[in-house]
Structures are given as structure tokens and as C-alpha cells.
2 protein chains.
Amino acid sequence: MAKDVVGRAGAPPPQASEDADERILKAAGKLFREKGFAATTVREIAAAASMLPGSLHYRYASKDDVLIALMKRAVLRAMGAVELAIATVTDPVERVRVGLRTHLELLCSGDDSLYVLLFDWRSLEPSARAGLERERGRYETFWDGLLLGAHATGQGRPVLDLELVRHFGFGAINWVATWYRPDGERTPAQIADTFFSYLAFGLLHESARPADLDPHFAALMAAATPSRS
Amino acid sequence: MAKDVVGRAGAPPPQASEDADERILKAAGKLFREKGFAATTVREIAAAASMLPGSLHYRYASKDDVLIALMKRAVLRAMGAVELAIATVTDPVERVRVGLRTHLELLCSGDDSLYVLLFDWRSLEPSARAGLERERGRYETFWDGLLLGAHATGQGRPVLDLELVRHFGFGAINWVATWYRPDGERTPAQIADTFFSYLAFGLLHESARPADLDPHFAALMAAATPSRS
DNA sequence: TGGTTATTTGGTCGCATGGCCAAGGACGTG
DNA sequence: CACGTCCTTGGCCATGCGACCAAATAACCA
């Protein structure tokens, strides 16, 4: 049986249902983040959501279903938040900066779903993984669009591999979740903007940069051939 | 009686012990990486190491002990590999590039211990975590030394927060482990060198860069104050 | 109000787990 | 050949798991 029938008319009780669902996902997110999916029991989730295990089972047939629902919500929230944040920004490079900041703010907020999506990937069984990978792929494609737009302004170096750039930026930003502490001295927005400046301008000083960059870059690439370290 | 059943290929008994330990850690690393610590059973580790569960228990009293040993080995191997690789490199900036490359090559190699150290952090109970954090802190301090050396050459932008730089670089590099595939079209060395060029020179083209960078950078930092989202 | 459906309760079930161990080799040494 | 040590064997056990459900209850409708 499913809750599809619930969508009657504008009834007040669905609020309670939504609330119970929300409580489950919030509790599960917190526990999954702290201990990982496999180390968390359904009894713990139920207790944290102030209900009995059977009640949880009524809404999610299995523990995997909870994880899948949580991850799907994470993709939705991330895309929604970033889309909303950049809606009023027109400059393509600035859109990347704002998007990065929004992504990190969500990751560092009390919403643990994005963290679980990023770091509990291995807990999904292959069948469910495929579905989630499609969802997650949408978010990555969305970001590729942002990067392409920024690159199309001509402000970027011409030889960039945008897929590699996305991996690079996602790595730097997502890794923040492993060391960020809310009581630290830097806000997520400050971290994101600092990282954006690193990304955009690099770490070396102007004077240390050769007038013509590309040859140096090409030399680095040549040195990276798999011949030998 | 069998006269020399064991006399296979000159493998004395003491070596066999080391071998068994090695087999356990290698099998455990592979399984922990694939499914995570909590989702892996000691029986699976034993089977993958071609021994019975009791034999594994003889060497490691508990599953946690296996994880701790694996992680300690990861720190040792990472520091050892990077130190060896940069031993003959004198230029401080180049030392960073080579170190980054070595770290990534280890992360993408068949040795799963570094991956487990980075991504199965939550599985440690608090007591063991403290010990490991000291070990891991040594590796981070070691990297801070590399970064400080590179920055001291004057080639770097003067206002850099080196701790943030380390987090930034570690994030980008470590995240590679989540998407790298050995049959991909890029080698770890190529990825590392490309990422180093991003780190050093940034993604924007020369002409897109203001002649005097710092004001722009300062403006970004000002915009990142927690006053407004 | 009474009938119907949505939700919660408080358990039970079969099972796999981590930890453990007594008995028995294998093996170099006396 | 007997000895003592190192290591493996194969299975045992209490625990706690995920999944499940029949019955009780709450919320809504006509």
C-alpha cells in the first residue's frame, strides 16, 4: 500500500504525514552522516524520529528505501537551491561563484542529505545506484552548463577540459564537509568565495607567471605522460 | 610421509606470517573500499584472504583492529611515498607538484588503504579515532611544510591562508578517488599535473585578469561576509 | 452518528553477525 | 624421536539485526 491515496483534497492530516516523513528523513540523515548507513539501525532512526520501528516500516518498506528517498531529496534540494540562487545573476562567471557558494552553504547547513549523497554512495545496491546516478548526472550536467557558459565568455583559458574542471571544483568544495565545523572561524560563504578566487586566479602571484602561459602548461602536460614518473 | 610438500619455492615460515598479515590487510582494504567497513563481515575478509575466520581472529582480536592497522599503514605509506618522491627535488614549488602526483598515484593504485583512511573515517570509535588523528595530523603538518616552502619562494600570492590552501588541494586530489577509473583516458599523473596547473595558474585567462589582483580579491572577501546570504 | 480508511502500536520471526575457543596440526629444536 | 611453540581449524554462542504483521487506534467521510 502506498501513500498515493493521501493526496485527497486540501486536507490538514497530510501535513502530519508529511511531517512524519520529514522527521524520518531528517533523523536518518543525521544518523547516516554520523555513523554511516550500514552502521545505523532502523530502530535508531525510528527512535530519533520519535516513533516505533513499525511506524517507520509503514512509510518505508526497507532501510534502503529511506536512503534512496534521502538521496533523491538531496539532488532535488541542491539543484533547486543553486537554480534559485543564480536566477537573478546574469554574468556567467558570477553565476559559477554564486552556485559554488550555494552548494557549499547547503552542504554545511543542518540538512545532511547532500552529505549522505556524496559520502555514503557505496551503501547503495547496484540496482538503486543506477537510478540515483541518473539523478546525480542531471546535477552534474547542470553544472557543466554553468561552466560552459562561463568559459564561453572567453575569460577562461582556452584549453580547459571542462569535465576535469568540474571534478576539480566539486572535489575542493565537497571535501569541505570533512573538516568544516560550524564553530570555526570561517563561514561557508567565506570559504566558497576564497576557493572561487583560488580557482579563478590560481595560487601563484602575477609576477611568478610566465607572460605566455600555455607553453608552460603544455610542458606540464607533456611531463604527465604515462611514460614514467 | 610427505618428504618435502612444503619445499615449494623456498618460502620459509616467518615469511608466511608476514604474508598472512599482508593478505588480511589487502583483502580488508579491498572490501572496506567497495562496501564500507560496517557492511563488511569478518567472514568475508577471511574468505578473501584464503583463511578461516578463526585464523583472522588469531592475528587481529577484532574487526576494528583490522581497520586501525590498515589506516596506520596508509599514513605510513603515504608519507613514505611522498618523502621518497621529493627527496631529489630541490625547487620548492616543484616539490609540491611531485608530492601531489605521488599522493594521487598511491590513491589510485591497487593499495586501498589510503582510500579507506580518507573515506571510512566515521567507522572508527572515538578512542581509536584520536590515535589515528595524531598520525594523520603528522601527514598534514608535513604537507604544510611543503606549502610553506613553496610560498616562501615569493612566487605565491602573499595573502594566502595556507591551511585553507591545503584543504583546497587535498579536496580536489582526494575527490579523484570517487570518479577515477583505471580504464579511463587519463592517468593519475596526468590528472595530478593538470590539477596542479589549475591550482598554480587558475582557470581564467591572462587577459581576463585585472592587472592588480588584490583589490578584486579583497572585494570578493568583503562580499563573503556573513552579513547577507 | 456509523462506516471507512490512514496510521500506530508493540511485539515476533528467522537469521547473520562479531567474538571466541578447545582441539589439533605443522614445524624447528633438543 | 619427543618436545614446545606457532598457527589453523571448524564450529559455538549470545546478541542484535531487518523485515514483518495482526490488532488497536485516530482521523475523516457521508
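Sequence lines set the chain letters: A, B, ... in the order given, protein chains first and strands last, and positions in each chain run from 1. Given the structure is predicted, the values throughout are model-derived calculations rather than measurements.
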Legend entry - Leu52(B) CG to dC7(D) C1', straight-line distance once rounded to whole Å: 12 Å
Legend entry - Glu135(A)/Lys72(A) salt bridge by N-O under 4.0 Å criterion: no
Legend entry - Short side-chain N/O contact from Arg59(A) to OP1 or OP2 of dT8(C), under 4.0 Å: yes
Legend entry - Nearest-angstrom distance from the residue atom CE of Met51(B) to C1' of dA26(C): 16 Å
Inset, instruction - Starting from the 5' end of DNA chain D, give me the residue, Gly54(A) or Thr40(A), whose nearest nucleotide shows up first. - result: Thr40(A)
Legend entry - Whole-Å distance separating the NE2 atom of His57(B) from the C1' atom of dT8(D): 13 Å
Inset, instruction - Verify ring pair (Phe, Tyr, Trp, His ring centres under 6.0 Å) between Phe195(A) and His167(B), making sure each step is shown before the conclusion. - result: CA-CA 10 Å; Phe195(A) 278 16; His167(B) 283 315; 8.2 Å; no
Inset, instruction - Please state how far atom CD in Glu125(B) lies from atom P in dG18(C), giving the value in whole angstrom units. - result: 15 Å
Legend entry - dG18(C) phosphate, OP1 or OP2, under 4.0 Å from Arg43(B) side-chain N/O: no
Inset, instruction - Measure from the side chain of Ser55(A), starting at C-beta and using heavy atoms only, and say which of dT9(D), dC17(D), dT8(C) lies closest. - result: dT8(C)
Legend entry - Gap between atoms NZ and P, on Lys63(B) and dA16(C) respectively (whole Å): 16 Å
Legend entry - Charged N-O contact under 4.0 Å between Arg136(B) and Glu133(B): no
Legend entry - Salt-bridge present (Asp21(B), Arg73(B); N to O < 4.0 Å): no
Legend entry - Separation of dA16(C) P from Ile45(B) CD1 (nearest whole Å): 18 Å
Inset, instruction - Describe the nucleic acid contact of Ser50(B) in one word from base, sugar-phosphate, nothing, applying a heavy-atom distance below 4.0 Å. - result: nothing
Inset, instruction - Round to a whole Å and report the spacing from OH of Tyr58(B) to P of dA26(C). - result: 16 Å
Inset, instruction - To the nearest Å, give me how far apart CG (Leu56(B)) and C1' (dG19(C)) are. - result: 12 Å
